[in-house]
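A quick write-up on the structure given underneath.
Counting convention: from 1, in listed order, for ligands and their atoms alike. These values consider heavy atoms only, across backbone and side chains, with no hydrogens, waters or symmetry-generated copies. Just so you know, these numbers come straight off a predicted model, no measurement behind them.
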Amino acid sequence: MSRIAYVNGRYLPHRAATVHVEDRGYQFADGVYEVCEVRGGRLVDERRHMARLQRSLSELRIAQPMSPAALSIVMHETVRRNRVGDGIVYLQITRGIARRDFAFPEPANAPSVVITARNFDREGGERLAAKGISVVTVADDRWGRVDIKSISLLPNVLAKQAAREQNAREAWFVDRDGKVTEGASSNAWIISRDGRVLTRPAERGILRGITRTVLLDVIEAQGLVLEERPFTVEEAYGATEAFITSASQIVLPVVRIDGRPVGAGIPGKVATALRSKFHRHAEFS
Ligand code: PDD
């Protein structure tokens, strides 16, 4: 079955799904995106992802391409046409097509919209979670507006490649104070020796992950003690557990950081429980 992409009003086979060379997404990475998990053919936490999308668009002063209701219909239709049961839907909106000039086009043109969807190997994901992943730390040299989910991801690409070259699956960015900010495509968490769940506050230096937001409810329901504060790389090395969160990976235990085992070097009980309870707290649409 050929995959179908939605591109500016049309559903096209992938080989025909192209954007213009002067799309500002292509020229300047002038755009935003969202990744939503699809589970059993339904979107997970669509409402929250759409709220974050509106925020990203408004921070960058990109016009809304269509109403949230219309966008929802197109996302569901893209999932349906690609027969996605368990997977993701990817949505990208750029400032549209204009002759290359750094400042915004005047008059403002129509934003470009691309939506794709694909299946994931859910069992493979469960196997990975049961095994745990390795992460490596890299310097956080990104711009100051990482709270915007922009498609400008070059530092994240380089970080992920550095991880791969060290046989790790994720890279954790570290700020100038030696504190972990977040993963290249995930939020970062540890469990301290005294059993507290630690993650950086979303107000500065990270993307406010939707999985992170929902997980705060799971943590509360589990009766765990949460401490939202930046933690150091040293603290992470000495943690009893570590994990990452993102829409496509849910909660993924981290068993090695920079080659050192975390706790017993196997997925921790807390991370495993949080993963298994996550979808009870998520919204489906
Ligand atoms: N990444 N931090 C960064 C830098 C991310 O790129 C992501 C998500 C997250 C987690 O956000 P959420 O829980 O809303 O997925 C945190 C997506 C999945 C991606 O780029 O593929």
Over all atoms of both residues, closest heavy-atom pair of Y237 and D258: OH-OD2, 2.5 Å
Considering only the protein, which heavy-atom contact is closest to atom 8 (C) of ligand 1, and what is its distance? K149 NZ, 3.3 Å
Taking both backbone and side-chain atoms of A247, is any N or O found less than 3.5 Å from an N or O belonging to ligand 1? yes
Among all the protein's non-hydrogen atoms, which is closest to atom 21 (O) of ligand 1, and how far away is it? V35 CG2, 3.7 Å
Do R95 and F104 form a cation-pi contact, if we require the NZ or CZ to be under 6.0 Å from the six-membered ring centre and within 45 degrees of the ring's axis? yes
Just going by heavy-atom distances, which of G183, A159, S248, A202 is nearest to atom 18 (C) of ligand 1? S248
Using a distance-only test with no angle check, is there a side-chain donor-acceptor pair under 3.5 angstrom linking E37 and S248? no
Parallel, tilted or perpendicular, judged at 30° and 60°: which one describes the rings of F243 and W189? parallel
Counting heavy atoms only, which part of N187 comes closer than 4.0 Å to ligand 1: side chain, backbone, both or neither? both
Please check: side-chain N/O of T78 versus main-chain N/O of Y6, any donor-acceptor pairing under 3.5 Å? no
Can you check salt bridge (charged side-chain N to carboxylate O under 4.0 Å, His left out) on R142 and D140, steps first, answer last? CA-CA 6 Å; R142 299 176 298 164; D140 194 341; 2.9 Å; yes
What protein heavy atom sits nearest atom 13 (O) of ligand 1, and how far away is it? T211 OG1, 2.6 Å
closest protein heavy atom to atom 11 (O) of ligand 1 is G209 CA, 3.4 Å
With only distance considered, is R52 within less than 3.5 Å of ligand 1 through an N or O on each side? yes
Going by salt bridge (charged side-chain N to carboxylate O under 4.0 Å, His left out), name the pairs with one or both residues in residues 231-245, residues two or more places apart or in two chains. R229-E235
Closest approach of E59 and R145, non-hydrogen atoms and distance? OE1-NH2, 2.8 Å
Could you name the option among Q249, R208, R48, E182 that has the heavy atom nearest to atom 3 (C) of ligand 1? E182
Among C36, A184, S185, which residue places a heavy atom closest to atom 1 (N) of ligand 1? S185
Taking atom CD of E220 as the centre, does the number of heavy atoms from other residues, nucleotides or ligands within less than 6.0 Å exceed 12? no
Residue-ligand contact E34/ligand 1, heavy atom below 4.0 Å: no
Can you confirm, on distance only, whether ligand 1 has an N/O atom lying under 3.5 Å from any N/O atom belonging to I210? yes
Return the residue, atom name and 0.1 Å-rounded distance of the protein heavy atom closest to atom 20 (O) of ligand 1. Y33 OH, 2.7 Å
Test of understanding: given a 4.0 Å heavy-atom threshold, classify the contact between T245 and ligand 1 as side chain, backbone, both, or neither. backbone
